[in-house]
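Presented below is the structure to which this report refers.
By convention in this document, chain letters (A, B, ...) are assigned in the order of the sequence lines, proteins followed by strands, and residues within each chain are numbered from 1. Quick caveat, the model's predicted, so the values are computed rather than measured.
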Protein chains: 2
Amino acid sequence: MTTHTAPRQQRAPRQDNRRQPLLDAAAALFRTRGFHAVTMREIAREAGMLAGSVYYHFSSKDDLLVSVYEEGVRRITERVAEACQDAETPWAKLEAACCAHTEMLLDESDYAQVILKVMPEDVPSGQAQLIDCRDEYEGLFRDLVDALPLAASVDRTIFRLTLIGALNSARNWYRPGGKSPAEVAREIMKLMKNPLLKEGSQI
Amino acid sequence: MTTHTAPRQQRAPRQDNRRQPLLDAAAALFRTRGFHAVTMREIAREAGMLAGSVYYHFSSKDDLLVSVYEEGVRRITERVAEACQDAETPWAKLEAACCAHTEMLLDESDYAQVILKVMPEDVPSGQAQLIDCRDEYEGLFRDLVDALPLAASVDRTIFRLTLIGALNSARNWYRPGGKSPAEVAREIMKLMKNPLLKEGSQI
DNA sequence: TGTTATACCAAACAAGCGTTTGTTTTAGGA
DNA sequence: TCCTAAAACAAACGCTTGTTTGGTATAACA
């Protein structure tokens with residue numbers, strides 16, 4: 001007697017599938033209010049459905065956050081990698097990367113901004129996954145910094161982390177209408193590249 | 001017939017008052033896990049009491065957070081202001097301030113670290129209060145930066161915000177055992193003060 | 001066109017939340 | 001020593017949370 005494994009026929013997703021609007025809503029809410037302050041009912045309502053329906057697409061709130069986070073890293077990685085390729089010198093590559101990074105964080109993508117707002121420790125079940133994502137993205141900048149012609153006395157690790165930290169901190173004070181995100185990024189890089197001292201002054 | 005307003009006699013707080021242990025517990029928990037992820041029951045248990053008892057000392061969870069936050073700003077302000085006074089030149093003053101700031105954020109005070117972990121928008125009812133606190137503390141750094149002999153092309157506002165942002169970002173990667181907090185702060189300042197370029201290299 | 005996996009709704013669930021209430025213990029001042 | 005305010009307990013309140021369950025409409029494929 002043969003074992004009848006059910007055919008388990010698979011079908012293409014329907015066109016009216018609302019997984020994407022759901023992710024978008026979650027990204028927007030997580031970005032502005034953080035993981036713990038947002039409820040499944042809010043996310044669902046924003047996507048035009050009920051809370052229970054979300055569980056057809058995601059197994060838990062944590063799972064939903066991880067998906068948003070991964071998509072955020074995917075998008076910013078894509079943009080930054082693309083921006084680097086157009087530049088020629090190591091410094092120009094880094095600058096292009098910083099501009100793209102800052103643009104994503106300051107006005108373009110809810111997804112990318114979730115990366116700054118949500119900390120891995122907020123989601124114990126997916127902590128390792130989020131950290132891996134972040135590390136992979138940071139590796140991009142490690143390569144760019146390693147390629148720079150820096151004085152031997154400069155600690156490249158601290159330089160890299162400080163640069164990214166400085167760019168990210170713009171999120172706390174940037175307001176649209178003044179300098180553009182790219183201008184902010186260039187200004188910050190200028191600070192770290194040029195001497196600040198007034199000519200003739202002593203330290 | 002005279003109206004007898006009750007004497008309403010006031011007494012000094014008892015010696016076994018546990019308001020302070022309560023604040024300490026709240027500071028430690030808010031710092032590591034954030035405002036929304038921490039419950040009143042946890043805070044109370046950590047301080048050795050029950051959830052309801054907390055409301056004898058604080059009118060709400062929001063109120064408790066605001067108290068912790070204000071105490072954090074008070075402590076870091078005190079330490080930074082004290083550190084500045086010992087230095088002489090503008091740059092030395094700023095460096096002393098940055099070292100003190102970084103020490104508080106990296107290993108000393110749960111209270112000070114709450115300032116980084118909790119965002120004003122987490123507590124709508126006390127948002128304005130938290131922002132005022134933060135602004136007042138930042139004013140300290142504004143004065144220090146304004147006193148620096150900088151090249152005219154440098155945007156002092158962006159310099160100040162970037163410096164603080166860079167220092168604060170160390171919270172994300174600092175690990176005890178390597179460079180001390182003060183060394184990290186000095187390294188970051190060096191990055192923003194000195195030229196990075198290798199001698200003879202082109203941009 | 002009929003079948004079925006897809007994608008949702010509607011309603012409930014247990015657990016946990018911040019907070020309130022009424023009562024009890026206890027230390028400080030007369 | 002007695003009285004009273006301080007400071008806590010014990011237990012509940014109403015509500016919200018993330019999640020589960022059972023049912024139902026419908027688009028996709030045979």
What's the CD-P distance between Gln20(B) and dA7(D), to the nearest Å?
13 Å

Within this structure, what is the CG-to-C1' distance between Asn17(B) and dT25(C), rounded to whole angstrom?
15 Å

Any residue meeting side chain to side chain donor-acceptor pair (under 3.5 Å) with Asp24(A), in chain and number order, not counting sequence neighbours:
Gln20(A), Tyr111(A)

Going by side chain to side chain contact (heavy atoms under 4.5 Å, CB included), name the residues that satisfy it together with [X], two or more places apart in sequence or in a different chain.
X: Asp63(B); answer: Phe58(B), Ser59(B), Ser60(B), Ser67(B)
X: Ala28(A); answer: Asp110(A)
X: Ile131(B); answer: Pro120(B), Gln127(B), Asp135(B)
X: Ala81(A); answer: none

Can you list, by residue number, the residues of residues 49-65 of chain B that have a non-hydrogen atom closer than 4.0 angstrom to DNA chain C?
Ala51(B), Gly52(B), Tyr55(B), Ser60(B), Lys61(B)

Residue-level proximity of residues 30-48 of chain A to DNA chain C when a heavy atom falls under 4.0 Å:
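Heavy-atom cutoff 4.0 Å gives Arg41(A), Gly48(A).
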
For residues 177-189 of chain B, which side-chain N or O atoms pair as donor and acceptor with protein atoms under 3.5 Å away, sequence neighbours left out?
from: Lys179(B); atom 1: NZ; to: Asp155(A); atom 2: OD2; distance (Å): 3.1
from: Ser180(B); atom 1: OG; to: Glu183(B); atom 2: N; distance (Å): 3.1
from: Glu183(B); atom 1: OE1; to: Ser180(B); atom 2: N; distance (Å): 2.8

Qualifying salt bridge (Lys or Arg N to Asp or Glu O under 4.0 Å) pairs, either residue in residues 64-85 of chain A, two or more places apart:
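Of all non-adjacent pairs touching residues 64-85 of chain A, those that pass salt bridge (Lys or Arg N to Asp or Glu O under 4.0 Å) are Glu71(A)-Arg74(A), Glu71(A)-Arg75(A), Arg74(A)-Glu78(A), Arg79(A)-Glu103(A), Arg79(A)-Glu108(A).
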
What distance do Leu65(B) atom CG and Gln129(B) atom CD have between them, rounded to the nearest 0.5 Å?
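Rounded to the nearest 0.5 Å, the CG-CD separation comes to 10.5 Å.
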
Looking at residues at least two apart in the chain, or sitting in another chain, which of them share a salt bridge (Lys or Arg N to Asp or Glu O under 4.0 Å) with Glu121(A)?
Lys117(B)

Restricting to salt bridge (Lys or Arg N to Asp or Glu O under 4.0 Å), what partner residues turn up for Arg33(A), sequence neighbours left out?
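Once residues adjacent in sequence are excluded, the partners of Arg33(A) under the salt bridge (Lys or Arg N to Asp or Glu O under 4.0 Å) criterion are Glu42(A).
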
Contacts under 3.5 Å, N or O only, protein and nucleotides 22-27 of chain D:
from: dT26(D); atom 1: O2; to: Arg14(A); atom 2: NH1; distance (Å): 3.2

